[in-house]
Amino acid sequence: MIAKNRLLGPWLLILSTLACQIGGVRITEPPPPLTPAPTPALSALFPGRPWTPGEAPLGQEMTVLGEGGEGLVAALAFTPDGREVVAVLAKVGSPHRGLVEGELRRWRVGDGVLLGRVEVGSLGLATVALDGGARWLAVGGGGVGPALEAGYAASFTGVRLWDVRRGEQRFEVATGPYSEVATGVALSRDGRWLATAEGSNWDVWSTATGKIASLGAVIMGEGASDITTMAFGPSGIWLALATEKGRVWMEEWTKKASRGMWTVESGGEIGAPLAMAVGPARRRLAVVTTEGLFVWDLQAWVNDERIRQPLPSTPLAGLAFSPDGALLAVGTAGRWQVWAVERREKVLEGREGSYAVAFSPDGRLPAWGDLEGRVHLWGIPLSGE
C-alpha cells in the first residue's frame, strides 16, 4: 500500500479555505469556462438520432443488458467508441453486516453479448467510480453516513485502482495517515487522475505511477466536516468537493494558474451531498443530496441556482451530463430522470430506482443501471422506426 506524509500542505489549504468562508459567501474567481470538445460522430449502433432537449420526450428503451437478479448497478460508463458498456454490479449482503461484493462487467452494445466479468472484492457503494473512457475503476470503503445506514459500506481501508481492460488491480493507495475508510473517490474523465477523500482530507494521485500529485485538508468555518462526494471538471485541473454539512466548492487543485475558488455556502439547507457532476463547458455544477437535485451556474459571481428539485429520500445517487451539456441524467432510489438544463425542465422520468447513469460519447444513448443488475439503453428512434 502506498503511503505519504501530511505536513505543511494541509494547513496552507485550511487557512486559504477559511479566508474564503469567513463572513458568508465569497467567490474569489469563478473557474474559467471551457469550449467542449466536439461530440464525436460515431457509427450509430441503433437507428436513431442524437438527443436534444426538445426531442427527449420521444425517447424509448432500445435494449437491456444483463439478466437481472444479480445485485444493483453501482457505476456505469461507455468506452470511447461507444461500442461497449462497462458496469460495476454490487451484491449487497445483510445490512447489519455491511457486506458488499463488487463485480466488473463489460457488454457489447450492439448485440448485448457479455464480454467479460471480474470479481473486484469488497467495496462501498458511495466510493465506486469509472473514468470517462471506462479504462479505470476505483473502489473504496464508502464510510459515508447515508450509505452506512443502508448497509452499503465496507470496512477495508484505502482505495484500489483496477485496470478494466486487463481485469486486474493496478495498485492500492492509503487514504490518510491512519488508513481510515474512504468517504469519497473520483476519476478524471481522461483517466489520468484519481482523487480520494478520508474524512476532511483529500488527495490526488497519478493513475500512471500511483504517486501522490496533491494533498490537502478542509476545515469549514464551524469545524471539520467529512467529504462525501467528489468530481473532476472536464479538463481534470479543477476538482469539486462537497461535505456532509451541505457545503460545496470547486478549486484548481494543481495551483499552477489562478487560485480561484467557487463556493456554495448553503448553511446545510441542501442536505448531505451524495453525487456531483461538472458540465463539459464547466458552466454547470450538478449535485444530488439527501434533499434533492441542485444545479448551479459556475460562471456567476453570486450563487446562481439553476435547478432546485426535491427527490425521494435516497442513500446513493448517480449524475451525468450529455456530451454537449444540454441534458442531465439523474438516478436515485425512487426514479431516474433526464433534465433539459437551460430550460430547467424535466423531460423524461422513469419510476424505477437507479444509482448509475451515463451518456454514450456521441450523445445518442442515455443509459441507466437498475437495482437488479441490468443496464437500460434509451434512444431517439428515426421517423417511422
Side-chain angles (χ1 to χ4, degrees), residues 72-75 90 92 95-96 98 100 123-129 140-154 181-186 197-200 202 218 220-231 240-250 263-278 284-296 303 305-320 328-339 344 346 349-357 368-371:
L72 60 86
V73 179
V92 182
H96 302 291
V100 183
L123 54 80
L125 297 189
T127 46
V128 179
V144 180
L148 285 169
E149 294 171 5
Y152 289 167
V181 176
T183 59
V185 66
E198 170 260 320
S200 59
W202 62 267
V218 174
M220 309 307 287
E222 72 280 10
S225 183
D226 284 353
I227 296 169
T228 59
T229 186
M230 318 167 74
L241 307 101
T243 68
E244 62 183 348
K245 295 183 179 179
R247 271 51 174 187
V248 181
W249 72 101
M250 188 174 182
T263 308
V264 175
E265 179 70 25
S266 67
E269 296 176 0
I270 68 171
L274 302 173
M276 285 197 295
V278 182
R284 303 284 185 260
L285 175 67
V287 183
V288 171
T289 77
T290 51
E291 300 297 325
L293 168 68
F294 301 83
V295 180
W296 289 284
N303 291 335
E305 190 175 85
R306 306 294 295 176
I307 296 174
R308 175 187 282 256
Q309 175 68 30
L311 292 173
S313 177
T314 183
L316 302 167
L319 276 174
L328 176 68
V330 185
T332 62
R335 66 194 63 176
W336 60 272
Q337 303 173 335
V338 176
W339 285 76
R344 311 184 191 191
K346 181 171 57 182
E349 182 174 45
R351 295 294 179 177
E352 301 90 348
S354 174
Y355 298 143
V357 292
W368 61 278
D370 67 25
L371 305 187

Practice item. Provide the closest heavy-atom pair for Leu125 versus Ala90 in the form atom of the first, atom of the second, distance. Key: CD2-CB, 3.3 Å

Point to revise | Thr228 (side chain) donor-acceptor with Pro273 (main chain) under 3.5 angstrom | key: yes

Check your understanding: Taking only residues two or more places apart in sequence or in another chain, which ones pass side-chain hydrogen bond (donor to acceptor under 3.5 Å, both in side chains) with Arg306?
Key -> none

Study note, to complete from the structure: When rounded to the nearest 0.5 Å, the distance separating CZ of Arg335 from NZ of Lys346 is 6.0 Å

Practice item. Measure across Ala154 and Val181 and return the closest heavy-atom pair with its distance rounded to 0.1 Å. Key: O-CG1, 3.8 Å

**Study point:** Residues forming a salt bridge (charged side-chain N to carboxylate O under 4.0 Å, His left out) with Glu352, sequence neighbours excluded
**Key:** none

Revision key, fill the gap. Closest heavy-atom pair, Ala153 versus Gly142, reported as atoms and distance to 0.1 Å, is CB-O, 3.3 Å

Exercise for review: Return yes if some donor-acceptor pair links the side-chain N/O of Thr314 with the main-chain N/O of Thr332 below 3.5 Å, else return no.
Suggested key: no

Check your understanding: Quick one: does Glu291's side chain get under 4.5 Å of Ile270's, heavy atoms only?
Key -> no

Practice item. Go through the steps to decide whether Gln337 and Leu311 satisfy the test side-chain contact (heavy atoms from CB on, under 4.5 Å), and finish with yes or no. Key: CA-CA 10 Å; Gln337 303 173 335; Leu311 292 173; 3.7 Å; yes

Check your understanding: Which heavy-atom pair separates Ser354 from Gly369 by the least distance, and what is that distance?
Key -> OG-O, 2.8 Å

Exercise for review: Check whether any side-chain heavy atom of Leu328 sits under 4.5 Å from a side-chain heavy atom of Arg284, and report yes or no.
Suggested key: no

Practice item. Would you please name every residue forming a side chain to side chain contact (heavy atoms under 4.5 Å, CB included) with Ala197, sequence neighbours left out? Key: Thr183, Ile227, Met230

Review point. Would Thr243 and Trp249 satisfy side-chain contact (heavy atoms from CB on, under 4.5 Å), going step by step from the backbone distance to the final call?
Key: CA-CA 9 Å; Thr243 68; Trp249 72 101; 3.5 Å; yes

Exercise for review: Kindly write out the residues that satisfy side chain to side chain contact (heavy atoms under 4.5 Å, CB included) with Ala275, not counting sequence neighbours, or none if the list is empty.
Suggested key: Ala317, Leu319

Check your understanding: Which pair of heavy atoms, one from Leu274 and one from Pro315, lies closest together, and at what distance?
Key -> CD2-O, 3.7 Å

Point to revise | Minimum heavy-atom distance Ala286-Val295, with the two atoms named | key: CB-CG2, 4.0 Å

Review point. With Trp339, which residues qualify under ring-ring contact (aromatic ring centres under 6.0 Å, His included), at least two apart?
Key: none

Check your understanding: Taking it one step at a time, do Leu123 and Val100 satisfy side-chain contact (heavy atoms from CB on, under 4.5 Å)?
Key -> CA-CA 6 Å; Leu123 54 80; Val100 183; 3.6 Å; yes

Practice item. Return the set of residues passing salt bridge (charged side-chain N to carboxylate O under 4.0 Å, His left out) with Arg344 (not counting sequence neighbours), or none when no residue passes. Key: none

Check your understanding: For Ala329, which residues count as a side chain to side chain contact (heavy atoms under 4.5 Å, CB included) partner, sequence neighbours excluded?
Key -> Val357, Phe359

Point to revise | Residues Tyr152, Leu72; criterion side-chain contact (heavy atoms from CB on, under 4.5 Å); working and verdict | key: CA-CA 11 Å; Tyr152 289 167; Leu72 60 86; 4.1 Å; yes

